[in-house]
Amino acid sequence: MLDIQTLRNDLAGVAARLKTRGFELDTAKFEQLEAERKTIQTRTQELQARRNAASKLIGQAKAKGEDVSAIMAEVSVLGDELKKYESILPQTLQEIDAFLAEIPNVPHASVPIGKSEADNVETHKFGEPKKFDFEVQDHVSIGEGLGGLDFDTASKISGARFSLLKGPLARLHRALAQFMLDTHTEQHGYTETYVPYLVNADSMRGTGQLPKFEADLFRVTARPSANALTKMIQPETTQFEDIGSFYLIPTAEVPVTNMVRDEIVALEKLPMKFVAHTPCFRSEAGSYGRDTRGMIRQHQFEKVELVQMVHPEQSYAALEALLGHAEVILQKLGLPYRVVKLCTGDMGFSAATTYDIEVWLPAQNTYREISSCSNFEAFQARRMQARFRNAAGKPELLHTLNGSGLAVGRTLVAVLENYQNADGSVTIPDVLRLYMGGMEKLSK
RNA sequence: GGAAGCGUGGCCGAGCGGUUGAAGGCACCGGUCUUGAAAACCGGCAACGAUGCGAGUCGUUCGUGAGUUCGAAUCUCACCGCUUCCGCCA
């Protein structure tokens, strides 16, 4: 969420910056809502002040045993108008809030202007795509050849966009996650966390998935109590999602970042650095026909996520560091990759700056996203009311960042494809052998 | 699933329907004292919002939402969350 003060002070400026990411800010609507709000709010507060003053007088008079009927008559006249204003003010404030909740973050000044993926800017590269002296197979053929990857059974059990791993391949998948967690906790100073995978609507709003992107999420509904159920069907209830239902997390960013929702943390607690290994669930609505083969795009996948809560002055340095932490995993695995800085038009809703790490996939003869590292500045913190007490002793919004370190399923894909041999076997990268009981190669 | 209890400021914890934004304590900040520190003592210290150039003024907030009242932290109802006991259960 953007700061409403900034919108009031520099509406045109904000609109111009949002336009670079393809968002048309309805400035006329904002101005109209603000004008309404101002008259309603000042009138309401004026009436409240008069009522409060009169009530105070009544209290004082009664204490002295004086007659209060005259003042009482006077106050009761205020009643109707005040009631009217007190009922429309929250509606107006809610409209403004809803309007603000759907505005994406303003891109940082350093973000390249562009419309799509094609305008992203490569910042650096690691490694050289390996030359193969045989026809490369994609991860599906390799995995099926090894007898450890079975999409038919997965689709029987659940449907499309699910995968099933068996034997050493399942173990390799687990090994990758363990390796990533250990690296981040032992070498990069992150605290390991285990978090809920089902979260409430407030948490989804906090990190920006709601209200705009509900279609991307899976919602599960617990059996509500009879009373909650009747409340749900009352027309005035607008908070259906808050009663008896949860959302499956699309990323660990949601539960981990929300640890600081509605908190004021001590200055010396910053920066906070957490890592979590969780499954992620995404509906992938709107991506029909994309990446239908293999385990690139799934409804359920594993990810090791890095999250930081930092002092506002530190957030850009922290983003560079966090990106580096994710890169280390690929370096240790010996997987070629490149880093791109996303252009204004390609960034996610909540991000002010995003770097994507793309790993080389020989079978696709291209780089594919395996990590996304973003600085959200105060955008999420403002939604969450996540603050710290600054040097002056005043609460101030902190900055949040996160990045995949890395997407486990896609890393498995990259290992299979980059380490494949002519005979269909796959060499296990050195750093993983410890986690594989010393195994050096996957073969049939 | 059954029964009982509880939700107050950064934290703990008081609070007869009427100057209660809320006692007290802790933490924190400033000062006195001290060679320095600690202790002791004195003082300060909620958040959010509106308005104003500003000092300030006003409003809202005691889990959430409705209600009663001139006036609600305090009374009524519903919901949410937490705790404990019983049952069931990985």
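Letters A, B, ... are given to chains in the order of the sequence lines, protein chains preceding strands, and every chain is numbered from 1.
If you take CG of D262(A) and C1' of U64(B), they are 13 Å apart, rounded to a whole angstrom. If you take CD of E86(A) and P of U61(B), they are 9 Å apart, rounded to a whole angstrom. At whole-Å resolution of the value, CG in N390(A) and P in C29(B) are 13 Å apart. Taking atom CZ of residue R51(A) and atom C1' of nucleotide G18(B), one finds them 13 Å apart after rounding to whole Å. Computed from coordinates, the L82(A) CG to C58(B) P distance equals 17 Å when rounded to whole Å. Between R50(A) atom CZ and G71(B) atom C1' the separation is 16 Å, expressed in whole Å. Protein atom CD1 of I58(A) is 18 Å distant from nucleotide atom P of G17(B), rounded to whole Å. Atom-to-atom, CD of E268(A) to P of G10(B) comes out at 16 Å; the value is rounded to the nearest Å.
The pairing partner recorded for G59(B) is C48(B), the criterion being a Watson-Crick or G-U wobble arrangement whose two distances lie under 3.5 angstrom. Under the Watson-Crick or G-U wobble criterion, with both distances below 3.5 Å, A3(B) is paired with U84(B). In this structure C16(B) sits in no base pair that meets the Watson-Crick or G-U test at under 3.5 Å. The partner of G71(B) cannot be assigned: no Watson-Crick or G-U wobble pair with both contacts below 3.5 Å exists in any strand. Pair assignment for A23(B): none, as no Watson-Crick or G-U wobble contacts are both less than 3.5 Å. Judged by Watson-Crick or G-U wobble contacts below 3.5 Å, the nucleotide C77(B) has G65(B) as its partner. Pair check for A37(B) finds none; no Watson-Crick or G-U wobble contact set falls under 3.5 Å. Summarising the base pairing, G43(B) is matched to C29(B) through a Watson-Crick or G-U wobble pair whose two defining distances lie under 3.5 Å.
Nearest-nucleotide mapping onto RNA chain B: of E34(A) and E396(A), the residue sitting toward the 5' end is E396(A). Each of K83(A) and Q48(A) has a nearest nucleotide on RNA chain B; the 5'-most of these lies closest to Q48(A).
The gap from the C1' atom of G81(B) to that of C29(B) amounts to 35 Å, rounded to the nearest Å. Between the C1' atoms of C85(B) and C48(B), the separation comes to 40 Å (whole Å). C58(B) and A3(B) have their P atoms separated by 50 Å, with the value rounded to a whole Å. A gap of 15 Å separates the C1' atoms of U74(B) and G21(B), to the nearest Å. The separation of A66(B) from A14(B), taken at their C1' atoms, amounts to 28 Å, rounded to a whole angstrom. Nucleotides C33(B) and G24(B) place their C1' atoms 26 Å apart, quoted to the nearest Å. Comparing the P positions of U19(B) and A72(B) gives an interatomic distance of 12 Å, to the nearest angstrom. Between A47(B) and C6(B), the two C1' atoms lie 24 Å apart (nearest whole Å).
No engagement by A54(A) is indicated, since no non-hydrogen atom pair under 4.0 Å with the nucleic acid exists. Residue Q5(A) is classed as a sugar-phosphate contact, given heavy-atom separations below 4.0 Å to backbone atoms only. Using a 4.0 Å heavy-atom cutoff across all strands shown, R387(A) reaches sugar-phosphate atoms only and no base atom. At the heavy-atom level, R8(A) lies under 4.0 Å from the strands shown only through sugar-phosphate atoms.
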Please list, pair by pair, any protein nitrogen or oxygen found under 3.5 Å from a nitrogen or oxygen in nucleotides 53-57 of chain B.
none

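Among C48(B), C58(B), G71(B), the nucleotide with an atom closest to any side-chain atom of S55(A) is G71(B).
S163(A) and Q298(A) share a side-chain donor-acceptor pair at under 3.5 Å. S350(A) and N105(A) are not linked by any side-chain donor-acceptor pair at a separation below 3.5 angstrom, with hydrogens and angles left out of the test.
Between E284(A) and R297(A), at least one side-chain nitrogen of the basic residue sits less than 4.0 Å from a carboxylate oxygen of the acidic one, meeting the salt-bridge criterion.
For the pair N52(A) and U19(B), the criterion of a side-chain N or O lying under 4.0 Å from OP1 or OP2 is not met. Here K394(A) does not reach the OP1 or OP2 of C45(B): none of its side-chain N or O atoms lies under 4.0 Å away. Neither OP1 nor OP2 of C45(B) sits under 4.0 Å from any side-chain N or O of R389(A). Between K38(A) and U51(B) there is a side-chain N or O to OP1 or OP2 distance below 4.0 Å.
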What do the steps show when you test T353(A) against Y316(A) for side chain to side chain donor-acceptor pair (under 3.5 Å), and what is the final call? CA-CA 9 Å; T353(A) 300; Y316(A) 277 92; 3.1 Å; yes
Using the rule given for side chain to side chain donor-acceptor pair (under 3.5 Å), can you reason through Y247(A) versus E214(A), listing the C-alpha separation, both sets of side-chain angles and the distance that settles it, and then say yes or no? CA-CA 9 Å; Y247(A) 291 89; E214(A) 175 153 36; 2.7 Å; yes
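Once rounded to the nearest 0.5 Å, the distance linking CD1 of I357(A) with CD of E369(A) reads 10.0 Å. Rounded to the nearest 0.5 angstrom, T400(A) OG1 and F379(A) CZ are separated by 10.0 Å. In this structure, CE on M259(A) lies 5.5 Å from OG1 on T193(A), to the nearest 0.5 angstrom.
Remark: side-chain polar atoms of Q380(A) are paired, donor with acceptor, to backbone N or O of T207(A) under 3.5 angstrom.
Taking the six-membered ring where tryptophan is involved, the planes of Y435(A) and F179(A) are perpendicular, since the angle between them exceeds 60° and thus also 30°.
On a pure distance criterion of 3.5 Å, a polar donor-acceptor pair joins the side chain of K62(A) and the base of G18(B).
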